[in-house]
Structures are given as structure tokens and as C-alpha cells.
There are 2 protein chains.
Amino acid sequence: MSNAFQLEKVQVALTPLERFEEFLQSRRMRMTQQRRQIVDEVFSRHEHFNADELCDLLGRSSAGRVSRPTVYRTLKELEEAGLLRKMNLAGRRVYEHDYGYPQHDHLYCEKCEKLIEFHSEEVARIREAVAREHHFRPSGHRLIITGLCSECARAKRRPRRLELV
Amino acid sequence: MSNAFQLEKVQVALTPLERFEEFLQSRRMRMTQQRRQIVDEVFSRHEHFNADELCDLLGRSSAGRVSRPTVYRTLKELEEAGLLRKMNLAGRRVYEHDYGYPQHDHLYCEKCEKLIEFHSEEVARIREAVAREHHFRPSGHRLIITGLCSECARAKRRPRRLELV
DNA sequence: TTGCGTGCAAATCTTTTGCAGAATG
DNA sequence: CATTCTGCAAAAGATTTGCACGCAA
């Protein structure tokens, strides 16, 4: 169902942690307590997050805290490993799951900052067509449609009534 | 011609400077030597730029220098006035002309960092269709297709020959 | 003359780096 | 045991802010 606000997961053979272990091994890097903790935290929910928020979450963690530099270092590794994707949203740098989720684009509510995911074959088609015209070799794209989500649009249409209660 | 790498200008009644003056007046703000200098510099070429680059250009200016805080303050004003649009490109925050140029999207070369503008009615159509599906009220969008431009793609296909000369 | 605007210096915020000690394979 | 990692402190880069003086209207 491409209309679902939360896209369906894609079937993957390995868990994010296993996938990351493979990546680390391929680079002669080590699986540490901290890296494990970060992967657990990051993949325990699907929301978009930024480095600072993750630091907070890991700060409160019962498993022991992880330092800020380590969080930044590991986020970069997870990006290189293809587990996370970084994105710029109204000046905020947020991460989202990449591994195990299908290609998608976003609707971004400027009021409540909600991020809605959607998939469209059309976008891929346009990408190819435009690229061909310009002799450009596309490797990816990013489409963000900004505006107001249904709730905020409704609220905006009749703000008086609600505010004057 | 929507295929031109450099899109055609749109007819506008006022110069950017005049438009900015109107904006300032509407807010009881003043036209100063510095603001005038910044607008002149910014609209003297069509390239994308960031705050730092603009500071450099204004530093060399014969008309006297403009301080960094003023550059930042004025860029924000120009954005609010609808003269400039800010955009995040691979972590770099760049500005582009908004006033006097048509709605467009970008092809971004990951190698040479070139930015190619293109216009597509299709994108606008998709935007409306997706928004309708999600009861979303769109106000704008941003589409960036990343990859390699024609020159860089060519260079990449046969790097040996060129590098071994 | 009355504020608004500017430049300076310093503060913020976010992210990165050098390094000594800790942990992993 | 040889290296890789981590945390700390500090550096770095980008942007913002407080304030006293200067300038536009």
C-alpha cells in the first residue's frame, strides 16, 4: 500500500545489527558496546531524529552512556554502511532508516513539522526523463513537498474558534 | 525553453533593489548603504552562493566593506522579502535568486558540484496528486536529482586514459 | 531628533579532532 | 598482544546576539 503514511517494511535477510557487523568486518573495524547500543536505539523506532536527540536518548540509557563524539562517529558509519540516510529539513539535519525500507519521498508540514512518507513511481520516471534530457547520470534524488498536513490545514482555516475558547 | 541549463528570466516590474525597498518600507525598516551593496552584489550574477562567499566578495568591494553579522542579517531579510531562496546542498547552505526567476528544480553533480536548473510541469502535477491523496495542502516543493553531469560521467567512464598521460 | 542599523566582540550551536587510556578480536 | 575505540577537552566552523555608536528618515 503506497498510500500508507508509514510505508511497509521491505523484507531483508539480516537485522540492522547483523548488517552493521558485516560492514564493520569488511573494514576491519570492531563491534563495540557503544556501537551496539546506538544501533539498538536507532532501530527501536522509525521516527526521524538528529544527532542531538540521539545523544539525549543514549544519555538516559540504562546500558551506560555514549559520548557525543562517538555518536557522531557512529552515525557517519551507519550512513556509509547504508543503514541510515541523512537529510536536511528546514536547516535541521535528520536521519532516517535506509536499510529495510523502500525508496520514498516526503511531505513536510511546516507547522507541526510532521514528516509523511510516500512512494511514487512517477517521480522515478521524471528523474530518468530529465536526466536523459541533460545527459546526466542520476544516482538518486530527494523530493520534499512542503505545506500543511491535514490537521494543521484544518486548524488554520478556523483558528478563531479554537483560540477563543 | 525549459531545456536551457540557465533558465530564462521572468518579466518583473521592479528591480530587486526596488522590490527590497518596498519590503523595507512595509516594515518600517531603512535602506542603508550596506543593504544596497549586498543587493547589488547578490544580483550582479546568477550563481548560487553561501554567506561566507558573499562576505568575501563584499570584503574586496571598493564600496567599503560590510561586516559578517550584517551580511547574515540582510540575507535573512532578503529571504523573507522573497528575493532569495535558501537551499541545503550536501551540507552546504546556499542561496539562489527567487525574485525574477521561474519555479525550478535541480540536478546536482556529486563530482564537480555543478548545479543545473530545470523546469518540469510533471513535478508540479505529481505534487498536487500526492498532496491530494494525503489531504495535504502544498505550498512548495524541492526536488534535487543527484548524480554525475555529462562531463564527469564521461571522465569517470575512462579515467585511466586521461590520468596516465 | 528618533529610532533603526552597524560593527565589534563575544556567545552559541553543531560537529570534528588530538590524544591517552580502555576495550576488542 | 596489536590495534581499534572511546571519552575528554579543546578546536573548528557557522551563525547569532548584546551593546555602544553612527546614520537614515
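Naming: A, B, ... by sequence-line order, numbering from 1 per chain. Bear in mind that the values here come from a model prediction, so they are computed numbers and not experimental data.
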How many Å lie between [atom1] on [X] and [atom2] on [N], as a whole number?
{"X": "A/Q37", "N": "C/dT24", "atom1": "CD", "atom2": "C1'", "result": "16 Å"}
{"X": "A/E21", "N": "C/dT24", "atom1": "CD", "atom2": "C1'", "result": "13 Å"}
{"X": "B/R92", "N": "D/dT15", "atom1": "CZ", "atom2": "P", "result": "11 Å"}
{"X": "B/R93", "N": "D/dG13", "atom1": "CZ", "atom2": "P", "result": "16 Å"}
{"X": "B/L54", "N": "D/dA14", "atom1": "CG", "atom2": "P", "result": "14 Å"}
{"X": "B/R27", "N": "C/dG5", "atom1": "CZ", "atom2": "C1'", "result": "15 Å"}
{"X": "A/E77", "N": "D/dT6", "atom1": "CD", "atom2": "C1'", "result": "12 Å"}
{"X": "A/L75", "N": "D/dT6", "atom1": "CG", "atom2": "P", "result": "12 Å"}

Inset, instruction - Would you give the length of the straight line joining atom CZ of B/R35 to atom CG of B/L17, rounded to the nearest 0.5 angstrom? - result: 12.0 Å
Is the phosphate of [N], meaning OP1 or OP2, less than 4.0 Å from a side-chain N or O of [X]?
{"X": "A/R35", "N": "D/dC5", "value": "yes"}
{"X": "B/K76", "N": "D/dT15", "value": "no"}
{"X": "A/T70", "N": "D/dG7", "value": "yes"}
{"X": "B/Y72", "N": "D/dT15", "value": "yes"}

Inset, instruction - Test A/R45 against every option in A/E47, A/E41, A/H48 by the side chain to side chain donor-acceptor pair (under 3.5 Å) rule and name the one that passes. - result: A/E41
Inset, instruction - Have a look at B/R73 and say if it touches a base, only the backbone sugar-phosphate, or nothing, with a 4.0 Å heavy-atom cut-off. - result: base
Inset, instruction - Check every strand shown and say whether B/R65 touches a base, only sugar-phosphate, or nothing at a heavy-atom separation below 4.0 Å. - result: sugar-phosphate
Inset, instruction - Name the residue closer to the 5' end of DNA chain C, choosing between B/R28 and B/V71 according to the nucleotide with the nearest heavy atom. - result: B/R28
Legend entry - Worked verdict on A/H119 versus A/E117 for side-chain hydrogen bond (donor to acceptor under 3.5 Å, both in side chains): CA-CA 7 Å; A/H119 174 75; A/E117 300 175 350; over 6 Å; no
Inset, instruction - Compare the minimum distances between each of D/dT15, C/dG7, D/dA9 and the side chain of B/Q34, then state the nucleotide with the smallest one. - result: C/dG7
Legend entry - Letter per nucleotide, 5' to 3', of nucleotides 20-25 of chain D [B base touched, S only sugar-phosphate touched, - untouched; heavy atoms, 4.0 Å]: ----BS
Inset, instruction - Over 60° means perpendicular and under 30° means parallel, so classify the ring planes of B/Y101 and B/H97, tilted if in between. - result: tilted
Inset, instruction - Quick one: sort the B/H134 and A/F118 rings into parallel, tilted or perpendicular, breaks at 30° and 60°. - result: tilted
Legend entry - Side chain B/Q25, main chain B/E22, donor-acceptor under 3.5 Å: no
Legend entry - Donor-acceptor pair between B/Q34 and B/T74 side chains, under 3.5 angstrom: no
